[in-house]
Protein chains: 2
Amino acid sequence: MAQTRESILDAAEALVAEGGYANAGMPAVAGRANISTGLIYRYFESKSDLFDEVFRRAAQREIDACAAAADVDLPPRDRVQRVAETFARRALKGRQLAYALLAEPVDATIDAERLHFRIPYRDIFAAIIRDGIKRGEIAEQDADLVATAIVGGIAETLVGPLSRPPEPERESALIQGVARFCVHALGPVAADAASAHGFQEKRDE
Amino acid sequence: MAQTRESILDAAEALVAEGGYANAGMPAVAGRANISTGLIYRYFESKSDLFDEVFRRAAQREIDACAAAADVDLPPRDRVQRVAETFARRALKGRQLAYALLAEPVDATIDAERLHFRIPYRDIFAAIIRDGIKRGEIAEQDADLVATAIVGGIAETLVGPLSRPPEPERESALIQGVARFCVHALGPVAADAASAHGFQEKRDE
DNA sequence: GCAAGTATTGAAACAGTATTCATTACTTGA
DNA sequence: TCAAGTAATGAATACTGTTTCAATACTTGC
């Protein structure tokens, strides 16, 4: 029954969202789903098989939300800002799950899944950057590299706060700061506007 | 004998540098150091105790090198660039060890050590940024946040290349790209020079 | 050369989980 | 109601390394 399969996935995700991956052993998943341990193995080859899917589903929701934030008719810098804010805001809402997706130590196999998870983020930013370069609003540069660095920067900035107890009063400043960082990382506007007026970029090319 | 202790640390680090943490079981460490497995436990409480120290020592060398790169009488943006280049260049040289320090999945206890490892890097960048703000060469902003994001950006950018076979011909572009990203992340020069001439920053404060 | 103390050995014990599988309980079509 | 087939159980097992410890070999002071 496909319903049982879903309930296993839901149970596993709920456990991760509550206490992290460390909290999600197979007996615990089974208990949460009101089934026996052994039954899980009729639906999933192995534990990493199961959690690969758990992480992929959770990641996909995040990525969809960011893709939606990117899908607006605004200048590239605004779109980068929107995506960064969406990423950060949602992570701070789903703290434990976000932490598990971003940083919690897990098995090597699942860690591979986590690396995949960052690629769609990178691609969202990279697409915006390429568009910005085409329009002349962002200087020529390696879009993939900068997009990767932006994703890393956001993640690193969030890991600290996510690993500590929530501090709601600081969240808004954090989100703004992260977004600001991302826009800055795009570099100054194309050469005509900035470099002629004192923006120091002599070492960049 | 303190010499035995050293040889254990050296053996453990050598194994990590050759095949990653996964390659460094206690019997392997003992074999490499030409002692018995049990003896390690007269010098170290536990495996994570041992590897905490291995990682700390290795990290300290990297941090010292970056601190030295930061310790020059140059404008803040140049200093950021130097540190970033040093970080990236050294990581690409000591690939396997750098990967273990930056990203390889390890035990939860050792992972904590890895988080500590990034703090000194953050502090190096944060100090430069504060100095730059004081001098008016960098716009007012949360120095710790930006420094954290920069470290995350560098790390994320390196993880991919470090996890794949070396491609020496691309390394120089990678190092330059990373450094460029870091300088950009500092934002435009203070308001008087840039914002009056078209650099878009309206959403930043 | 002999104790007393210290370093070293390595095989065996242990721990924590994932995984299996013989058994039992359902479900369904005739 | 009864088979035949499928879902489900959960205690036993397998596995993967770390950690222990009784036994042994050194070292050093007397």
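The chains referred to below are lettered A, B, ... by the order of the sequence lines, with proteins before strands, and numbering in each begins at 1.
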Under the side-chain hydrogen bond (donor to acceptor under 3.5 Å, both in side chains) rule, collect the residues that match up with B/Q60, sequence neighbours excluded.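 In terms of side-chain hydrogen bond (donor to acceptor under 3.5 Å, both in side chains), with neighbours along the sequence ignored, B/Q60 is linked to B/D64.
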What do the steps show when you test B/R79 against B/D131 for salt bridge (charged side-chain N to carboxylate O under 4.0 Å, His left out), and what is the final call? CA-CA 11 Å; B/R79 293 170 68 209; B/D131 184 47; 3.5 Å; yes
Salt-bridge present (A/E137, A/R77; N to O < 4.0 Å):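 Looking at A/R77 together with A/E137, the answer is no, because their closest N to O distance does not fall below 4.0 Å.
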Salt-bridge test for A/D144 and A/R130: reply yes if a basic N is under 4.0 Å from a carboxylate O, no otherwise. yes
Chain B vs DNA chain D, heavy-atom contacts under 4.0 Å, first-to-last nucleotide span, 5' to 3', is D/dT18 to D/dT20
B/R170 CZ: over 12 foreign heavy atoms closer than 6.0 Å: no
Hey, can you tell me if B/F55 and B/Y21 have their rings parallel, tilted or perpendicular (30° and 60° cut-offs)? perpendicular
Expressed in angstrom and rounded to an integer, what is the separation of [X] atom [atom1] from [N] atom [atom2]?
X	N	atom1	atom2	value
B/K47	C/dA15	NZ	P	19 Å
B/R5	C/dT6	CZ	P	19 Å
B/R42	C/dT8	CZ	P	9 Å
B/I8	C/dT9	CD1	C1'	13 Å

Hey, can you pull the residues of residues 23-41 of chain A with a non-hydrogen atom under 4.0 angstrom from DNA chain D?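 The answer is A/I35, A/S36, A/G38, A/L39.
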By the definition salt bridge (charged side-chain N to carboxylate O under 4.0 Å, His left out), identify the one residue from A/R90, A/R118, A/K93 that meets it with A/E62. A/R90
Flag this pair as yes if the NZ/CZ of A/K47 is under 6.0 angstrom from the six-membered ring centre of A/F51 and inside a 45 degree cone about the axis; otherwise no.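 Yes, A/K47 sits over the ring of A/F51.
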Which part of the nucleic acid, if any, lies within contact of A/F44, taking any heavy atom under 4.0 Å across all strands shown: a base, the sugar-phosphate backbone alone, or nothing?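 Since no nucleic acid heavy atom lies under 4.0 Å of A/F44, the category is nothing.
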